[in-house]
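Computed over heavy atoms, backbone and side chain alike; hydrogens, waters and symmetry mates excluded.
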Amino acid sequence: MLSSTECITWLVLFLTESVAIVTVNLFTIVIFIKNNNLRTRTLYLVIHLTVADLFVGVFSGSVAQVHSLMACNFVQIDYSSQVQSLLLAGSYFFPLVSLTNIAVISLERFHATFFPFRHRVTKTWVYFLAIAAIWVLPGIVQAILQLPIYLVSVLFFVSNILLFLSL
């Protein structure tokens, strides 16, 4: 059990982290909206990463703050087991989406570097398919397999490699 001072310190750190993540990502989204030159096909995944990181700051940060409040006995919230499992799954889901997006960006850059002519003729729908896969894969793996978080990260990386090698 943490002391009251330690609890307040952790709560302030989680709150500061969440506010910083949300603020920086909102600022970045505004820049992408205002500047038409930044909305190119090759930056779709970066724009999507900004949105995914915004969800990490909003949802996962909020869940961390609530858990800090509950662990320090500042707040007592009685959740049903379904709500607790949903909050836990959500607090893992958004960071996994963000990590998957980073893996897809690195694979897209790999594809652009080693296959520049094929990359130049890649259609826009491929990027939208990749974005859809970024949201679907973490949910499927997390819901069906119930694997520990480090195994899920490795599985996502391997599946993303296979996805872009098939392009």
Side-chain angles (χ1 to χ4, degrees), residues 12-68 85-167:
V12 168
L13 284 173
F14 282 136
L15 183 64
T16 305
E17 179 186 26
S18 296
V19 168
I21 290 170
V22 170
T23 304
V24 169
N25 284 303
L26 280 175
F27 182 69
T28 306
I29 289 171
V30 168
I31 289 173
F32 278 124
I33 289 172
K34 284 189 171 190
N35 193 343
N36 290 338
N37 295 331
L38 293 177
R39 281 184 258 150
T40 61
R41 184 175 42 90
T42 57
L43 288 177
Y44 285 167
L45 293 173
V46 175
I47 295 169
H48 182 258
L49 178 64
T50 304
V51 173
D53 285 345
L54 179 69
F55 283 124
V56 169
V58 170
F59 189 80
S60 299
S62 300
V63 169
Q65 291 167 26
V66 168
H67 283 298
S68 295
S85 63
L86 182 65
L87 286 175
L88 185 64
S91 65
Y92 287 131
F93 176 74
F94 292 114
L96 283 175
V97 169
S98 181
L99 287 173
T100 304
N101 198 4
I102 292 169
V104 170
I105 288 172
S106 67
L107 291 170
E108 188 260 345
R109 293 289 84 207
F110 174 83
H111 186 259
T113 302
F114 290 103
F115 307 106
F117 297 115
R118 271 201 295 185
H119 182 265
R120 190 129 173 106
V121 296
T122 303
K123 303 291 184 199
T124 304
W125 66 267
V126 174
Y127 289 93
F128 291 125
L129 180 67
I131 290 171
I134 287 169
W135 283 97
V136 170
L137 287 175
I140 289 174
V141 171
Q142 189 176 7
I144 293 175
L145 300 179
Q146 295 294 317
L147 293 174
I149 195 73
Y150 63 90
L151 285 177
V152 173
S153 299
V154 170
L155 186 62
F156 284 141
F157 186 73
V158 170
S159 66
N160 286 322
I161 289 173
L162 294 176
L163 173 71
F164 273 97
L165 287 179
S166 66
L167 297 176

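To the nearest 0.5 Å, atoms OH (Tyr127) and CD1 (Ile134) are separated by 11.5 Å. Rounding to the nearest 0.5 angstrom, the gap separating the CG atom in Leu49 from the OG1 atom in Thr100 is 11.0 Å.
Closest approach of Arg41 to His119, counting heavy atoms only: NH1-O, 3.4 Å. Nearest heavy-atom pair across Val97 and Ala52 is CG1-CB, 4.0 Å. Contact between Ala133 and Pro138 at its shortest, heavy atoms only, is O-CD, 4.0 Å.
Contacts of Thr113 classified as side chain to side chain contact (heavy atoms under 4.5 Å, CB included), with partners at least two apart in sequence or in another chain: none. Legend: residues meeting side chain to side chain donor-acceptor pair (under 3.5 Å) with Arg39, ordered by chain and number and at least two apart, are Asn36. Evaluation of the side chain to side chain donor-acceptor pair (under 3.5 Å) rule for Thr16 yields no partner, not counting sequence neighbours. Thr124 meets the side chain to side chain donor-acceptor pair (under 3.5 Å) test with no other residue; sequence neighbours excluded.
Residue pairs that meet the side chain to side chain donor-acceptor pair (under 3.5 Å) test with at least one member in residues 44-59, sequence neighbours left out, are His48-Asn101, His48-Trp135, Asp53-Ser98.
For Phe115 and His111, the distance between ring centers is under 6.0 angstrom.
Ring geometry for Phe94 versus Phe55: interplanar angle under 30°, hence parallel rather than tilted (30 to 60°).
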Side-chain polar contacts of residues 21-33 - donor-acceptor pairs under 3.5 angstrom, sequence neighbours left out - could you list them?
residue: Thr23; atom: OG1; partner: Val19; partner atom: O; Å: 2.6
residue: Asn25; atom: ND2; partner: Ile21; partner atom: O; Å: 2.8
residue: Thr28; atom: OG1; partner: Val24; partner atom: O; Å: 2.8

